[in-house]
Visitor: 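Dropping a structure here in structure tokens format, bear with me for questions.
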Amino acid sequence: MTDIPAIDPMTTPAWEALDARADAFDPDLRAWFAADPKRAATWTRDAADLHVDLSKNLIDEDVLAELLALAEQTGVLDLRDRMFAGEHINVTEDRAVLHTALRRPAEDSLEVDGQDAIADVHAVLAKVYDFADRVRSGEWTGITGKPVETIVNVGIGGSDLGPVMAYEALKPFVREGLECRFISNIDPTDAGETTKGLDPETTLVIVASKTFTTLETITNAKVVREWFLGALRERGLATDEAGEKEAIAKHFVAVSTALDKVAEFGIDPNNAFGFWSWVGGRYSVDSAVGTSLALAIGPDGFEDFLAGFRAMDEHFATAAPSDNVPLLMGLLNVWYSNFLGADTHAVLPYSQYLHRFPAYLQQLTMESNGKSVRRDGAPVTYDTGEVFWGEPGTNGQHAFYQLIHQGTRMVPADFIAFANPAWPFKEGEKDMHELFLSNFLAQTKALAFGKTSEEVRAEGTPEHIVSARVFTGNRPTTSIMAPSLTPRVLGELIALYEHITFVQGAVWGIDSFDQWGVELGKVLALQILPAIEGDADALAGQDQSTKALIEYYRANRD
Ligand code: F6P
């Protein structure tokens with residue numbers, strides 16, 4: 001096992017200095033901008049195609065210097081280099097962390113556990129692309145010779161959130177006539193609603209599961225298989241065992257690291273796309289887990305997607321610390337959560353296409369950094385992962401922005417927008433996208449600069465409601481812009497947040513790549529099921545609250 005030091009960040013001189021600064025900190029964005037006409041330029045960075053304005057954050061040069069010192073003293077960049085090199089930085093699972101290898105060019109090589117990881121990656125990519133070409137061209141057909149029209153991805157967590165988010169984000173790039181649907185929840189509603197109205201003869205099912213043991217996915221996959229074979233039988237198709245086998249071979253493929261389990265399930269291993277233990281589920285959208293996306297946007301689109309990740313990896317690996325956007329954004333998050341008391345972080349895309357991006361980031365950030373012990377097993381004595389959340393603007397503006405503007409809690413927020421719309425609608429003479437962007441800009445402006453009581457009074461506001469209409473300002477935001485939302489830019493955005501998450505975990509000294517916290521619930525669900533089904537002994541073994549809830553269920557189930 002590699003020795004990966006876990007420094008207690010609170011013991012570093014930089015932490016102490018930041019603590020002292022936070023105590024005396026009195027941010028005033030209005031005054032800072034007024035005093036420094038170059039503040040916007042000074043605090044704006046470009047990373048690949050992303051234009052990132054950090055100027056409306058509660059930061060000055062002194063805080064930046066201490067944050068960079070904190071990164072230095074906690075070994076963030078050393079850990080980054082170890083990650084890129086394939087060292088086992090996931091210490092509790094004794095694994096390399098190599099999602100960055102998924103997007104390295106074919107001419108590179110990287111030996112991991114005695115294997116060339118890059119060669120393996122490109123062999124699988126070639127297989128995925130060949131399959132995608134055959135499906136998209138209509139060469140691959142179902143058992144009745146019809147081409148695929150609908151792809152159903154069955155997966156959960158990292159085997160669902162990335163594919164669905166990226167498919168939704170890249171809809172303008174999806175080949176006409178192809179549709180992807182996604183089933184994740186073990187609530188039977190999900191499988192029922194998703195298969196409703198589907199033609200089994202033109203449906204391709206992708207069962208995506210890294211482990212191929214996840215209860216939700218395997219249950220859903222079996223349910224979908226039954227729906228599929230039943231629907232075919234109603235049409236007089238696949239009526240015997242050989243027919244069923246042929247139908248499954250033509251309509252079911254799998255993505256997994258456990259190819260033996262794929263075969264056990266009945267899917268032809270030739271129709272399975274592998275990946276590796278060194279790709280965490282939440283870091284896997286650019287592996288074979290993205291097969292549904294590769295089918296939808298095609299191999300060229302997927303290559304652009306990978307190129308975006310690669311561009312951000314190169315930036316993270318090589319940019320100087322003071323220009324390194326993932327490093328700076330990760331350190332800002334540490335500043336807000338450990339020194340200025342922020343508990344949550346909002347991500348607010350001004351792009352309807354990115355409507356699943358916040359949900360995707362919830363798994364990425366919270367499964368990674370929701371930890372209470374460091375890599376050496378010692379309990380942390382400081383806060384770790386903050387709660388990530390969000391919704392697209394402008395919808396959020398009419399829902400929860402009130403709290404961000406005038407509530408008692410600080411909610412640092414990332415605003416994301418694109419210069420070019422996918423839909424060039426106009427409302428009369430007005431460009432609809434410009435109306436949209438004016439909201440993006442207005443919100444960050446209002447959050448930063450607020451509105452003083454003098455300004456409110458000057459509008460003739462009655463004195464008794466002046467205070468209710470004051471905006472304090474000094475509410476931190478980062479604005480991220482790019483020319484357009486393309487596969488490449490989406491890859492850059494995802495990689496940006498992967499590396500921000502990495503930086504925070506590295507400062508905190510935690511293992512951002514395990515997820516033991518989701519295990520207990522899985523084990524208990526299996527123990528509780530017999531009690532729900534009526535096993536008296538299993539019911540008697542439950543705690544009183546669980547027992548009473550099961551009794552309520554059994555009394556009310558029709
Ligand atoms: O919820 C825990 C988890 O292990 C995630 O990390 C993972 O993305 C998800 O379950 C699905 O796992 P699998 O791809 O193995 O089915």
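Each ligand, and each atom within it, is numbered from 1 in the order the structure gives. Note that the structure is a prediction, hence the values are computed from the model and not measured.
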Visitor: The criterion is side chain to side chain contact (heavy atoms under 4.5 Å, CB included); which residues satisfy it with E168, sequence neighbours excluded?
Guide: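 Testing E168 for side chain to side chain contact (heavy atoms under 4.5 Å, CB included), a comparison that skips the adjacent residues, returns V164, K171, H355, R356.
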Visitor: Under 4.0 Å between a side-chain nitrogen and a carboxylate oxygen: does that hold for R282 and E498?
Guide: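 Salt bridge between R282 and E498, a charged N being under 4.0 Å from a carboxylate O: no.
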Visitor: Counting only heavy atoms and a distance below 4.0 Å, can you name the residues contacting ligand 1?
Guide: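 Within the 4.0 Å shell of ligand 1, which is judged on heavy atoms, sit I156, G157, G158, S159, S209, K210, T211, T214, G281, Q363, E367, Q515, V518, K522.
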Visitor: Does the plane of the ring in H345 sit parallel, tilted or perpendicular to the ring in F388? Use 30° and 60° as the thresholds.
Guide: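 H345 and F388: parallel rings.
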Visitor: Are F182 and Y167 an aromatic pair by the rule of ring centers under 6.0 Å?
Guide: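 Yes.
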Visitor: Taking NZ, NE, NH1 and NH2 as the nitrogens, is one of them in K222 or E226 under 4.0 Å from a carboxylate oxygen of the other?
Guide: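 Not counted as a salt bridge, because no side-chain N and carboxylate O are separated by less than 4.0 Å.
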Visitor: What I want to find out is whether D511 reaches K371 closely enough, with some N-O distance under 4.0 Å, to be called a salt bridge.
Guide: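 Not counted as a salt bridge, because no side-chain N and carboxylate O are separated by less than 4.0 Å.
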